[in-house]
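First listed ligand is number 1; within each ligand, the first listed atom is number 1. Just so you know, these numbers use all the heavy atoms, side chains as well, and skip hydrogens, waters and symmetry mates.
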Amino acid sequence: MAENRKRILSGIQPSGALTLGNYVGALRNWVELSKDENYEAYFMLADMHTITVRQDPKEFRKNAMDLLALFMASGLDPKRSPIFFQSHVPAHAMLGWVLVCNTYMGELSRMTQYKDKAQKHAANLNAGLFTYPSLMAADILLYQADLVPVGQDQSQHLEITRDLANRFNNAYSPTFKVPEAYIPKVGARIMSLQDPTQKMSKSDPNENGYILLLDPIDKIVKKIKRAVTDSGSEIRRGEGKEGIENLMSIYSAVTNKSMDNIEAEFEGMGYGDFKSAVAEAVVETVRPIQERYAELIKNKDYLKQVYKSGAETAGRTAMKTVSKVYRKIGFIEP
Ligand code: TYM
């Protein structure tokens, strides 16, 4: 079994507090997949990606440790799946550069995340923001990942990763596994609670638009009750009902009930009752995570042990790929 298990790799940036969108779109699925005996999973804190936007060092460190604790509080087991900081595994930078040299300017300039970020960070439009997808491809290809569980907004980055893998394999010889994105059917794109045409994001200037996993419970309830809906009264999907549909997706993700079942369950009920049910279900999911987080974050020695051993295991796997790549491109063996 151990030999032909499929590989999983995914990452989240420690760029601020984790949102319910990150949890529903990614982390929750990581936890499920990592329990499956058929998979061998690696989970990364993508701190090298985070510095494409200038960080306050103290806050950055805190966000990184918080995220590590939240990974485990959400149910990732470091004994089963290595959890590591990208910056602790030099192979990422090593393969990242090779892939930068195999990525076209044209394809990078078509990335929607780059275009978005270029607008938001016009004062610090650094080259890292532009070459970000090549580093992300390295993150994935280093581990010969079969599957990459992410939210919808990462699908373009997964496409370029596949293109780069194929390009390299064709130019040299088969080297990289060509990975597949694993995008959940429900919850792949959780929208802002204040503007359901925008993705839920921690960079939203209106804090009522997002829920943070570490928001106080009463705040979470208030944010859900204040969520923008529509002037109708039915709990169902449809044109003009994006706000309700978003709440349905959140409810579906945290209860595992299907969207059809939710429509049936709330037939004839009003938005107020539905919002109360959503709030209760979200709180039920978040509360135990917050409790485990509070315990974990106190135990810095344990957290350190986790990320150190994670980086060792990840580094061993990743360096095998780097060695292969360096040999194939013609670098003299050291
Ligand atoms: P990041 O840190 O922006 O987001 C982490 C994960 O959360 C998902 N996500 C969402 N899902 C549903 N609804 C939302 N509103 C929402 N917002 C975020 C994202 O799709 C993502 O899965 N580039 C990546 C980090 C990364 C990575 C990797 C991921 C670096 N290297 C290698 C996978 C594999 C990023 O910035 O994600």
Side-chain angles (χ1 to χ4, degrees), residues 7-31 33 41-53 63-64 67 70-71 74 84-87 89 91-93 95-96 99 111-114 116-117 120 128-129 131-162 164-165 179-204 209-213 242 245-246 249-250 252-254 314 318:
R7 283 264 176 80
I8 289 179
L9 175 287
S10 197
I12 297 183
Q13 291 192 53
S15 53
L18 202 71
T19 68
L20 188 66
N22 298 133
Y23 178 76
V24 166
L27 192 47
R28 171 182 72 104
N29 307 305
W30 299 5
V31 174
L33 289 166
Y42 291 79
F43 298 112
M44 180 183 76
L45 294 107
D47 55 357
M48 288 166 67
H49 280 99
T50 308
I51 63 163
T52 53
V53 175
N63 288 337
L67 185 58
L70 276 172
F71 274 14
S74 299
F84 63 98
F85 286 104
Q86 185 182 26
S87 63
V89 180
H92 291 259
L95 182 63
L99 294 184
M111 295 287 119
T112 52
Q113 185 166 312
Y114 168 71
D116 274 6
K117 289 213 171 166
K120 283 193 197 131
L129 269 179
T131 58
Y132 182 116
S134 310
L135 180 60
M136 177 160 162
D139 301 336
I140 297 167
L141 300 180
L142 278 173
Y143 298 89
Q144 306 289 350
D146 296 276
L147 211 60
V148 186
V150 285
Q152 185 64 51
D153 63 345
Q154 297 299 317
S155 63
Q156 207 184 18
H157 289 158
L158 258 294
E159 268 321 301
I160 197 171
T161 301
R162 291 165 56 84
L164 286 172
E180 303 274 346
Y182 174 97
I183 295 176
K185 282 193 193 70
V186 176
R189 192 172 166 80
I190 298 296
M191 308 309 278
S192 157
L193 299 178
Q194 290 299 312
D195 177 1
T197 64
Q198 299 293 318
K199 187 182 74 167
M200 180 183 283
S201 158
K202 51 205 158 202
S203 57
D204 189 336
Y210 55 79
I211 289 173
L212 300 179
L213 242 50
E242 291 76 12
E245 184 165 342
N246 190 38
S249 300
I250 292 173
S252 170
V254 297

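For A64, the side chain to side chain contact (heavy atoms under 4.5 Å, CB included) test picks out P14, F85, with sequence neighbours left out. Under the rule for a ring-ring contact (aromatic ring centres under 6.0 Å, His included), Y23 has no partner lying at least two apart in sequence or in another chain.
Ligand 1 is surrounded by L9, S10, G11, I12, Q13, G21, N22, G25, A26, M44, A46, H49, Y132, M136, D139, I140, V148, V150, G151, D153, Q154, G187, A188, R189, I190, K199, M200, each with at least one heavy atom closer than 4.0 Å.
With respect to R189 and D153, no salt bridge is recorded, no charged nitrogen being found less than 4.0 Å from a carboxylate O.
With hydrogens and angles disregarded, no donor-acceptor distance shorter than 3.5 Å links the side chain of W30 to the backbone of F43. Side chain of T131 to main chain of S134: no donor-acceptor pair is present (N/O by atom type, distance under 3.5 Å, no hydrogens or angles).
Screening residues 14-24 for salt bridge (Lys or Arg N to Asp or Glu O under 4.0 Å) gives no qualifying pairs among residues at least two apart or on separate chains.
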